[in-house]
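Some notes on the structure that comes next.
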Amino acid sequence: MNVLVYSDEEQIGIAAGNYMCGQVLQKPDSVLGLATGSTPLKPYKQMTELYRKGVIDFSRVTTFNLDEYVNLDINDKNSYHTFMRENLFDKINIPPENINFLDGNAEDLQLECDSYEKRIKAAGGIDIQLLGIGSNGHIAFNEPSDCFQRWSHVVELKESTVKDNSRFFNSLDEVPTKAVTMGIGSIMQAKKILIIAIGKKKAHAIKQVINGNVTPMCPASVLQFHTDVTLMLDKDAASLINV
(Lines give C-alpha, C1' and ligand atoms only; values in the text may rest on other atoms or scores of the structure.)
Protein backbone atom coordinates (compact mmCIF):
# COMPACT_ATOMS: atom_id res chain seq x y z
CA MET A 1 0.00 0.00 0.00
CA ASN A 2 1.10 3.52 -0.78
CA VAL A 3 0.12 5.65 2.23
CA LEU A 4 0.16 9.43 1.74
CA VAL A 5 -0.61 11.82 4.59
CA TYR A 6 -1.69 15.41 3.94
CA SER A 7 -2.16 18.35 6.25
CA ASP A 8 -5.80 18.96 5.37
CA GLU A 9 -8.77 18.00 3.24
CA GLU A 10 -8.04 20.68 0.63
CA GLN A 11 -4.68 19.14 -0.18
CA ILE A 12 -6.21 15.69 -0.41
CA GLY A 13 -8.90 16.97 -2.76
CA ILE A 14 -6.35 18.44 -5.14
CA ALA A 15 -4.09 15.37 -4.98
CA ALA A 16 -6.93 12.89 -5.45
CA GLY A 17 -8.49 14.87 -8.29
CA ASN A 18 -5.12 15.05 -10.02
CA TYR A 19 -4.63 11.32 -9.49
CA MET A 20 -7.96 10.46 -11.12
CA CYS A 21 -7.30 12.83 -14.01
CA GLY A 22 -3.82 11.40 -14.41
CA GLN A 23 -5.42 8.05 -15.13
CA VAL A 24 -7.55 9.62 -17.88
CA LEU A 25 -4.60 11.48 -19.38
CA GLN A 26 -2.70 8.21 -19.52
CA LYS A 27 -5.67 6.28 -20.93
CA PRO A 28 -8.38 8.54 -22.43
CA ASP A 29 -10.94 5.71 -22.57
CA SER A 30 -10.46 4.81 -18.90
CA VAL A 31 -13.17 3.13 -16.88
CA LEU A 32 -13.55 4.97 -13.58
CA GLY A 33 -15.20 3.56 -10.48
CA LEU A 34 -16.73 6.45 -8.57
CA ALA A 35 -17.94 7.05 -5.03
CA THR A 36 -20.40 9.40 -3.33
CA GLY A 37 -20.70 11.07 0.06
CA SER A 38 -18.65 13.91 1.47
CA THR A 39 -15.27 12.24 0.83
CA PRO A 40 -15.09 12.73 -2.98
CA LEU A 41 -16.51 16.26 -3.09
CA LYS A 42 -13.18 18.05 -3.25
CA PRO A 43 -11.61 15.54 -5.66
CA TYR A 44 -14.59 16.02 -7.98
CA LYS A 45 -14.17 19.78 -7.67
CA GLN A 46 -10.54 19.44 -8.76
CA MET A 47 -11.49 17.17 -11.67
CA THR A 48 -14.08 19.74 -12.74
CA GLU A 49 -11.56 22.56 -12.48
CA LEU A 50 -9.02 20.74 -14.62
CA TYR A 51 -11.72 20.13 -17.23
CA ARG A 52 -12.73 23.81 -17.14
CA LYS A 53 -9.12 24.78 -17.77
CA GLY A 54 -8.90 22.45 -20.76
CA VAL A 55 -6.38 20.14 -19.12
CA ILE A 56 -8.55 17.02 -19.32
CA ASP A 57 -11.11 15.50 -21.69
CA PHE A 58 -13.67 13.00 -20.38
CA SER A 59 -15.42 12.34 -23.69
CA ARG A 60 -14.17 8.75 -23.95
CA VAL A 61 -14.44 7.86 -20.26
CA THR A 62 -16.89 5.29 -18.88
CA THR A 63 -17.98 5.36 -15.23
CA PHE A 64 -19.52 2.91 -12.78
CA ASN A 65 -20.79 4.14 -9.43
CA LEU A 66 -20.38 2.00 -6.37
CA ASP A 67 -23.90 2.00 -5.03
CA GLU A 68 -27.38 3.48 -4.81
CA TYR A 69 -30.18 3.47 -2.29
CA VAL A 70 -33.15 1.14 -2.78
CA ASN A 71 -36.58 2.69 -3.39
CA LEU A 72 -35.32 6.25 -3.63
CA ASP A 73 -36.26 8.18 -6.76
CA ILE A 74 -33.16 8.95 -8.85
CA ASN A 75 -34.22 12.61 -8.94
CA ASP A 76 -34.47 12.81 -5.14
CA LYS A 77 -31.97 15.32 -3.79
CA ASN A 78 -30.31 12.54 -1.76
CA SER A 79 -30.03 9.94 -4.50
CA TYR A 80 -26.54 9.17 -5.70
CA HIS A 81 -27.68 9.86 -9.25
CA THR A 82 -28.44 13.44 -8.20
CA PHE A 83 -25.23 13.71 -6.20
CA MET A 84 -23.12 12.71 -9.18
CA ARG A 85 -24.94 14.97 -11.61
CA GLU A 86 -24.63 18.00 -9.33
CA ASN A 87 -21.02 17.43 -8.29
CA LEU A 88 -19.41 16.02 -11.42
CA PHE A 89 -21.36 14.79 -14.42
CA ASP A 90 -23.16 18.05 -15.25
CA LYS A 91 -19.84 19.91 -15.10
CA ILE A 92 -17.71 17.78 -17.43
CA ASN A 93 -18.12 16.33 -20.91
CA ILE A 94 -18.65 12.67 -20.14
CA PRO A 95 -21.34 11.24 -22.49
CA PRO A 96 -24.52 10.31 -20.56
CA GLU A 97 -24.55 6.89 -22.24
CA ASN A 98 -21.16 6.15 -20.65
CA ILE A 99 -22.47 6.69 -17.11
CA ASN A 100 -23.53 3.57 -15.21
CA PHE A 101 -25.45 3.19 -11.95
CA LEU A 102 -27.03 0.33 -10.10
CA ASP A 103 -30.82 0.79 -10.29
CA GLY A 104 -32.22 0.76 -6.78
CA ASN A 105 -35.74 0.87 -8.20
CA ALA A 106 -35.38 -2.20 -10.40
CA GLU A 107 -38.22 -4.71 -10.15
CA ASP A 108 -35.72 -7.55 -9.66
CA LEU A 109 -32.79 -6.19 -7.66
CA GLN A 110 -30.68 -9.34 -7.86
CA LEU A 111 -31.09 -9.45 -11.63
CA GLU A 112 -30.03 -5.80 -11.74
CA CYS A 113 -26.92 -6.63 -9.69
CA ASP A 114 -26.02 -9.51 -12.01
CA SER A 115 -26.50 -7.26 -15.04
CA TYR A 116 -24.24 -4.61 -13.50
CA GLU A 117 -21.40 -7.09 -13.16
CA LYS A 118 -21.78 -8.02 -16.82
CA ARG A 119 -21.68 -4.36 -17.83
CA ILE A 120 -18.45 -3.82 -15.89
CA LYS A 121 -16.91 -6.86 -17.56
CA ALA A 122 -18.09 -5.74 -21.00
CA ALA A 123 -16.43 -2.36 -20.44
CA GLY A 124 -13.10 -4.08 -19.84
CA GLY A 125 -13.13 -3.77 -16.05
CA ILE A 126 -12.51 -0.75 -13.84
CA ASP A 127 -9.14 0.95 -14.29
CA ILE A 128 -9.23 2.93 -11.05
CA GLN A 129 -11.73 2.73 -8.21
CA LEU A 130 -12.23 5.70 -5.89
CA LEU A 131 -13.30 4.75 -2.37
CA GLY A 132 -14.21 6.35 0.90
CA ILE A 133 -14.30 4.32 4.08
CA GLY A 134 -16.95 4.16 6.78
CA SER A 135 -16.18 4.52 10.46
CA ASN A 136 -16.97 0.79 10.78
CA GLY A 137 -14.64 -0.09 7.91
CA HIS A 138 -17.28 -0.46 5.22
CA ILE A 139 -16.43 0.27 1.59
CA ALA A 140 -19.25 1.05 -0.79
CA PHE A 141 -22.13 -0.43 1.21
CA ASN A 142 -20.28 -3.62 2.11
CA GLU A 143 -21.00 -3.68 5.82
CA PRO A 144 -19.19 -5.65 8.54
CA SER A 145 -20.32 -9.24 8.17
CA ASP A 146 -19.41 -12.86 8.77
CA CYS A 147 -18.19 -13.17 5.19
CA PHE A 148 -17.12 -11.06 2.23
CA GLN A 149 -19.89 -10.46 -0.30
CA ARG A 150 -18.18 -11.08 -3.61
CA TRP A 151 -20.31 -9.42 -6.30
CA SER A 152 -22.93 -6.67 -6.56
CA HIS A 153 -25.77 -7.35 -4.17
CA VAL A 154 -28.61 -5.97 -2.05
CA VAL A 155 -27.65 -4.98 1.48
CA GLU A 156 -29.38 -3.99 4.69
CA LEU A 157 -27.49 -1.00 6.06
CA LYS A 158 -26.05 -1.11 9.56
CA GLU A 159 -27.35 1.35 12.13
CA SER A 160 -23.97 3.11 12.20
CA THR A 161 -24.06 3.65 8.43
CA VAL A 162 -27.63 4.94 8.50
CA LYS A 163 -26.59 7.33 11.25
CA ASP A 164 -23.52 8.47 9.26
CA ASN A 165 -25.67 9.13 6.20
CA SER A 166 -28.37 10.96 8.15
CA ARG A 167 -26.42 14.21 7.84
CA PHE A 168 -27.60 14.39 4.24
CA PHE A 169 -31.29 13.97 5.15
CA ASN A 170 -33.78 16.05 7.13
CA SER A 171 -34.10 13.34 9.76
CA LEU A 172 -32.83 9.88 10.63
CA ASP A 173 -36.21 8.41 9.70
CA GLU A 174 -35.80 9.54 6.08
CA VAL A 175 -32.55 7.63 5.52
CA PRO A 176 -33.03 4.48 3.41
CA THR A 177 -32.09 1.30 5.21
CA LYS A 178 -31.40 -0.78 2.10
CA ALA A 179 -29.07 -0.29 -0.87
CA VAL A 180 -27.59 -2.00 -3.90
CA THR A 181 -23.82 -2.03 -4.00
CA MET A 182 -20.80 -3.41 -5.76
CA GLY A 183 -19.35 -6.31 -3.83
CA ILE A 184 -15.87 -6.79 -2.45
CA GLY A 185 -14.93 -8.92 -5.45
CA SER A 186 -16.15 -6.21 -7.82
CA ILE A 187 -13.97 -3.64 -6.08
CA MET A 188 -10.94 -5.90 -5.81
CA GLN A 189 -10.96 -6.52 -9.56
CA ALA A 190 -10.24 -2.83 -10.23
CA LYS A 191 -6.71 -2.40 -11.56
CA LYS A 192 -5.98 0.46 -9.14
CA ILE A 193 -7.70 1.62 -5.96
CA LEU A 194 -7.60 5.09 -4.42
CA ILE A 195 -9.03 5.34 -0.91
CA ILE A 196 -9.51 8.62 0.93
CA ALA A 197 -10.08 9.03 4.67
CA ILE A 198 -10.59 12.26 6.57
CA GLY A 199 -11.08 12.80 10.29
CA LYS A 200 -10.43 11.04 13.59
CA LYS A 201 -13.54 8.90 13.34
CA LYS A 202 -11.89 7.08 10.42
CA ALA A 203 -8.60 6.48 12.28
CA HIS A 204 -9.51 3.11 13.80
CA ALA A 205 -10.72 1.74 10.46
CA ILE A 206 -7.56 2.96 8.72
CA LYS A 207 -5.41 1.30 11.37
CA GLN A 208 -7.27 -1.95 10.72
CA VAL A 209 -6.81 -1.60 6.96
CA ILE A 210 -3.07 -1.07 7.24
CA ASN A 211 -2.01 -3.01 10.33
CA GLY A 212 -4.90 -5.29 11.26
CA ASN A 213 -6.01 -8.77 10.29
CA VAL A 214 -8.00 -9.22 7.12
CA THR A 215 -11.55 -9.84 8.26
CA PRO A 216 -15.05 -9.28 6.88
CA MET A 217 -15.81 -7.51 10.15
CA CYS A 218 -13.72 -4.68 8.64
CA PRO A 219 -14.49 -5.06 4.93
CA ALA A 220 -11.83 -2.53 3.86
CA SER A 221 -9.11 -4.72 5.40
CA VAL A 222 -9.31 -6.93 2.30
CA LEU A 223 -7.51 -4.15 0.41
CA GLN A 224 -4.30 -5.57 1.92
CA PHE A 225 -4.58 -8.26 -0.77
CA HIS A 226 -4.76 -5.78 -3.65
CA THR A 227 -1.56 -5.05 -5.55
CA ASP A 228 -2.10 -1.33 -6.28
CA VAL A 229 -3.74 0.65 -3.46
CA THR A 230 -3.07 4.30 -2.63
CA LEU A 231 -4.41 5.78 0.60
CA MET A 232 -4.72 9.55 0.95
CA LEU A 233 -5.24 10.50 4.59
CA ASP A 234 -5.35 13.65 6.65
CA LYS A 235 -3.39 13.74 9.89
CA ASP A 236 -6.40 12.79 12.00
CA ALA A 237 -7.25 9.73 9.93
CA ALA A 238 -3.58 8.70 10.07
CA SER A 239 -3.23 9.33 13.80
CA LEU A 240 -3.18 5.66 14.84
CA ILE A 241 -0.67 4.40 12.29
CA ASN A 242 3.08 4.74 11.89
CA VAL A 243 4.04 6.34 8.55
Side-chain angles (χ1 to χ4, degrees), residues 1-25 32-53 55-56 58 63 65-67 77-80 82-92 128-142 160-169 175 187 190 192-212 218-221 223 226 228-243:
M1 289 184 176
N2 183 25
V3 181
L4 304 173
V5 180
Y6 297 84
S7 61
D8 56 41
E9 186 176 359
E10 290 291 337
Q11 286 191 356
I12 292 176
I14 293 170
N18 290 346
Y19 192 84
M20 297 295 288
C21 287
Q23 168 66 39
V24 177
L25 289 171
L32 306 182
L34 300 178
T36 52
S38 57
T39 299
L41 283 174
K42 293 188 185 298
Y44 291 161
K45 181 180 178 181
Q46 177 67 3
M47 292 167 70
T48 299
E49 183 65 12
L50 292 176
Y51 169 72
R52 187 187 66 81
K53 291 180 177 178
V55 175
I56 192 79
F58 293 96
T63 66
N65 261 76
L66 283 169
D67 41 33
K77 66 178 182 178
N78 289 307
S79 79
Y80 292 155
T82 296
F83 176 96
M84 291 304 303
R85 288 197 304 268
E86 291 181 348
N87 292 291
L88 186 63
F89 294 150
D90 286 351
K91 300 178 179 181
I92 61 176
I128 182 168
Q129 177 65 61
L130 176 63
L131 296 174
I133 182 171
S135 56
N136 63 2
H138 78 257
I139 47 177
F141 275 134
N142 293 284
S160 60
T161 300
V162 172
K163 185 176 180 181
D164 283 348
N165 290 342
S166 66
R167 66 189 186 277
F168 301 113
F169 292 80
V175 185
I187 293 168
K192 298 178 183 178
I193 292 175
L194 172 61
I195 184 166
I196 299 172
I198 299 164
K200 285 187 177 180
K201 70 177 183 177
K202 304 296 179 70
H204 181 75
I206 289 298
K207 180 181 179 181
Q208 180 71 24
V209 168
I210 296 174
N211 302 124
C218 178
S221 65
L223 297 176
H226 197 282
D228 193 342
V229 178
T230 296
L231 290 92
M232 294 187 179
L233 316 172
D234 72 353
K235 292 179 180 179
D236 286 338
S239 60
L240 298 181
I241 63 172
N242 295 318
V243 292

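Computation of the quantities below employed the complete heavy-atom set of this structure, encompassing side-chain atoms and omitting hydrogens, waters and symmetry-equivalent molecules. These numbers come from a predicted model, not from an experiment.
Residues satisfying the ring pair (Phe, Tyr, Trp, His ring centres under 6.0 Å) criterion with Phe141, sequence neighbours excluded, are Tyr69. Applying the side-chain contact (heavy atoms from CB on, under 4.5 Å) test to Leu25 and every residue at least two apart in sequence or in another chain returns Ile56. Under the side-chain hydrogen bond (donor to acceptor under 3.5 Å, both in side chains) criterion, Tyr44 pairs with no residue, sequence neighbours left out. Scanning for side-chain hydrogen bond (donor to acceptor under 3.5 Å, both in side chains) contacts around Ser166 gives an empty result, with sequence neighbours left out. Contacts of Ser135 classified as side-chain contact (heavy atoms from CB on, under 4.5 Å), with partners at least two apart in sequence or in another chain: Asp164. Legend: residues meeting side-chain hydrogen bond (donor to acceptor under 3.5 Å, both in side chains) with Ser79, ordered by chain and number and at least two apart, are Thr82. Taking Asp236 as the reference, nothing meets the side-chain hydrogen bond (donor to acceptor under 3.5 Å, both in side chains) condition, with sequence neighbours excluded. Asn2 pairs by the side-chain contact (heavy atoms from CB on, under 4.5 Å) definition with Leu4, Thr230, not counting sequence neighbours. With sequence neighbours left out, the side-chain contact (heavy atoms from CB on, under 4.5 Å) criterion links Gln11 to Tyr6, Ser7, Asp8.
In this structure, CG on Leu34 lies 11.0 Å from CG on Asp67, to the nearest 0.5 angstrom. Atom OG1 in Thr63 sits 8.0 Å away from atom CD1 in Ile92 (nearest 0.5 Å). To the nearest 0.5 Å, atoms CG (Leu66) and CG (Leu131) are separated by 6.0 Å. Remark: Gln23 CD to Leu194 CG distance equals 11.0 Å, nearest 0.5 Å. For the atom pair CZ of Phe83 and CG of Leu41, the computed distance is 4.0 Å after rounding to the nearest 0.5 Å. Separation of atoms CG (Asn18) and CG (Leu50) is listed at 5.5 Å; rounding is to 0.5 Å.
Between the side chain of Gln129 and the main chain of Gly33, a donor-acceptor pair closer than 3.5 Å is present. Side-chain atoms of Asp90 never come within 3.5 Å of backbone atoms of Glu86 as a donor-acceptor pair (strictly under, hydrogens ignored). In this structure a side-chain-to-backbone donor-acceptor pair under 3.5 Å is missing from His226 to Ile187.
Of all non-hydrogen atoms in Ala35 and Pro40, the two that sit nearest each other are O-CG, 3.5 Å. The nearest pair of heavy atoms linking Gln46 to Gly13 is CB-O, 3.7 Å. Tyr19 and Met232 get closest at one heavy-atom pair: CB-CE, 4.2 Å. Across all non-hydrogen atoms, the minimal contact from Val5 to Ala238 is CG2-CB, 3.8 Å.
For the pair Thr39 and Leu130, the minimum side-chain heavy-atom distance is 4.5 Å or more. By the 4.5 Å heavy-atom criterion applied to side chains, Leu223 and Leu231 are not counted as neighbours. Asn87 is not listed as a side-chain neighbour of Thr36, based on a closest heavy-atom distance of 4.5 Å or more.
Applying the salt bridge (charged side-chain N to carboxylate O under 4.0 Å, His left out) test to residues at least two apart or on different chains, the pairs with a partner in residues 34-53 are Glu10-Lys42, Glu49-Arg52, Glu49-Lys53.
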Side chains of residues 195-210: which donor-acceptor pairs under 3.5 Å do they make with residues two or more places apart or in other chains?
from, atom 1, to, atom 2, distance (Å)
Lys202, NZ, Ile133, O, 2.9
Gln208, NE2, Asn213, O, 2.7

Give the C-alpha distance, both sets of side-chain angles, the deciding distance and a yes or no for side-chain contact (heavy atoms from CB on, under 4.5 Å) between Asp234 and Glu9.
CA-CA 7 Å; Asp234 72 353; Glu9 186 176 359; 5.8 Å; no

